[in-house]
**Student:** 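One structure is given below, represented as structure tokens, and several questions about it will come after.
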Amino acid sequence: MKFFRTTSRLLRPRSVRAKIVALLMLPVVSLMALWSYAAVTTVAVIGDTERAKDVNSELLAPVAEFVTALQGERTAAMRYAARRTETGLDELRADQQATDKAVTALRAGLSSSSSDAALIDAGLPDRLETLEADFSDLAALRAGTTGSGTGDPVSTAYTEYSTVIDHAFAVTGALTSEKGTDATSEARVVLELSRVRDAVAREQALLAAATASGTLSKEQYAWFVGAVAIQRELLRPAVADLKAEHRPAYDVLLDGDSHAALVKIEDGVTDAGAGPVSAAVLRDWDASSAAVLKGLAAAEEGAGTGAAAKADVFGWDTLGASGVAVVLGLAGVLLSLLVSVGVGRGLIVELLDLRNSALEVAGRRLPQAMRKLHAGQGVDIDAEAPMRRLAGDELAQVGTALTAVQRAALKAASERAELLSGISGVYVSLARRSQVLLHRQLDLLGVMEQRQREQQNNAELYDLYRIDYLATRMRRHSESLLILSGIAPGRGWREPIALTDVLRAAVAEIEDATRIQVWAVPKVSLNGGSVADVIHLLAELVENAAAFSPPSTKVQLRAARLRDGILIEVEDSGFGMNEEAMAEANRKLRSEQVDLLDAKQIGLFVVNRLADRQGLRVELRQSTDGGVAAAVFIPENLIRDDMPVHREPADDGHYPAPASAQIRQQQRRR
């Protein structure tokens, strides 16, 4: 069962084109199979007819001519044997020459025959050998009937010639198993009519001998009565079995005067019995018997060998309905092919157009419209997906349904973009208000920190630093709202800032800055326009590393100078991430679209926007210690190597000022 299921899956067409072709070709192939059968049958009929014509011309016709010639020779031999006269001898020799010509023609036919005798009939080869032997013994037969033998030469001629004729009829009977042409009557019926003619010929031979000798012996009388019985028993039933077009010739003969006279003479001889032959009874016998034999021979030829010779291999009688079926079948096959190709091609084109339209909508037009909506641009739904009328066939209706789906998707995306735009506007408004308050708060804290440093009040200064840390984090979160809304933060620097100060400022914006271990930093500076975004990006990564690692561990912050930029690495010692989560996080870092409704990993989206704006590359990977390492690559165009590193004088207190406060002080001094 499994093998059949596997085979079924392999044979099942996969593409729509293959399925349609298979569906349309099945009836066409079936029709072609039926037409092929009709064509093969017609060709077989043509072959049978051609072979039947060959058998007729090479065997049947020569055998029939040989029988006719031998029947004439038998009559002449019996007449000569009954009364030896010079006239009788001349007639016999003329008939012998006709027989010899028939033998020569029959032998030529046997030699040139293209048909295998054994294939026609299993007994035909033996019968042909017997007939060939009769040809060879024909000279001895003639010598026995014309010589002065001890026996009755009349009876010998009758029996010997009749035996050879029976052998010829045996060959003809074997040939009846070969299918004839439709132009001839049934071969069995024609053979029966041949025996009828031979019976008349026997009557003629017996009466010819009786006329010459003047008496009809008892043996000859018995043969005569038997021939008459055979002739009358076979003639009319055989004529009734002929084809309609072959019966008229026999009907004319049977209704003619010659046949009527023949029947009258037969009855007279039968009634008279054996003994002397009355001249009155045999009056008109020769003329009547010759006319009947001639008519039987002509009618037999018309129903058999003559009709077969005239048969047209490609005529209506041969091809008939099968030929019409072949022609109409070929026309049907061609028409089916044309219709199938036309319908199949049209259906395939419509399906391919529908598929291409669907792929274009799904792969290009709909995503492009979505990108416009996410970018805050308006989309004309009627222009992007014009509504179609619900008309046409099912495929057109499917196209209309796809357009309706596209319009629904664009409408939903437009409404969602409007919602996100509204949310973004709320974010921007709140972030702007918070920024104003936080900047004022940070400026106030800076003044208060300066005053406490001058008064050397370390306790108050420590509290102010903690408030400064919190305010700085609040400002970063407020800037995150602006960044996610596509608005640039307000703060920035005109002059380059040392990378060391940038890293310290990023560390200062997290809650537990003491857990961050900053390693040696290359002496380079960042362009002022990139400082705020880099600080914010690193602060998000450092805070994420500190949040997802044990409190007792350190977060490593390293920077290295490369040939074409700076590589900054933030590495924690947490529990790490599985491959699926890591791939999803990196996808969000590289994605061109930001989902403001996904509140689980807002920090990754912030890093995504900042990196995209500054041309940075950010990637998460597994750390060698089992945690997660975030690598940030800053390109060369954002770096300055010729800028001096700005350092604040060492503070006299025990607590260092936040790096963000030091940067603000440097900016004020400039």
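Residues: numbered from 1 along the sequence shown. When reading the values below, keep in mind they use all heavy atoms of this one structure, side chains included, and skip hydrogens, waters and symmetry mates. Small disclaimer: the values here were computed from a predicted structure and weren't measured.
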**Student:** If you draw a 6.0 Å radius around CZ in R561, do more than 12 non-hydrogen atoms from other residues or ligands fall strictly inside?
**Tutor:**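 Yes, CZ of R561 has more than 12 neighbouring heavy atoms, counting only those of other groups under 6.0 Å.
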
**Student:** Kindly compute the distance separating CG (L538) from CG (L499), expressed to the nearest 0.5 Å.
**Tutor:**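 L538 CG to L499 CG: 8.5 Å, rounded to 0.5 Å.
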
**Student:** Does a donor on one side chain and an acceptor on the other come within less than 3.5 Å for S552 and R515?
**Tutor:**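 Short answer, no.
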
**Student:** Taking atom CH2 of W519 and atom CG of L557, what is their separation to the nearest 0.5 Å?
**Tutor:**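 Spacing of CH2 (W519) from CG (L557) equals 11.5 Å.
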
**Student:** Can R621 and E569 be said to form a salt bridge (Lys or Arg N to Asp or Glu O under 4.0 Å), step by step?
**Tutor:** CA-CA 11 Å; R621 56 176 178 260; E569 188 176 55; 3.1 Å; yes

**Student:** Closest heavy-atom contact between Q614 and S530?
**Tutor:**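 For Q614 versus S530, the nearest heavy atoms are OE1-OG, 2.8 Å.
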
**Student:** Determine whether D533 and R613 make a side-chain contact, defined as any pair of heavy atoms from C-beta on separated by less than 4.5 Å.
**Tutor:**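 Yes, side chains in contact.
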
**Student:** Can you tell if the side chain of I535 reaches within under 4.5 Å of the side chain of E509, non-hydrogen atoms only?
**Tutor:**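 In short, these two side chains touch, coming nearer than 4.5 Å.
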
**Student:** Distance check, rounded to the nearest 0.5 Å: L638 atom CG versus I566 atom CD1?
**Tutor:**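 Atom-to-atom, L638:CG and I566:CD1 are 10.5 Å apart.
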
**Student:** With rounding to the nearest 0.5 angstrom, report the CD to OG distance, E571 to S549.
**Tutor:**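 Rounded to the nearest 0.5 Å, the CD-OG separation comes out at 11.0 Å.
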
**Student:** Once rounded to the nearest 0.5 Å, what's the spacing between atom CD1 of I516 and atom CZ of R504?
**Tutor:**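 Reported to 0.5 Å precision, the distance equals 14.0 Å.
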
**Student:** Do other residues, nucleotides or ligands put more than 12 heavy atoms under 6.0 Å from F633 CZ?
**Tutor:**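 Yes - once you tally the heavy atoms of other residues, nucleotides and ligands closer than 6.0 Å, there are more than 12.
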
**Student:** Measuring from atom CZ of R587 to atom CE of M582, what distance do you get when rounded to the nearest 0.5 angstrom?
**Tutor:**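 Going from the CZ atom of R587 to the CE atom of M582 covers 15.0 Å.
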
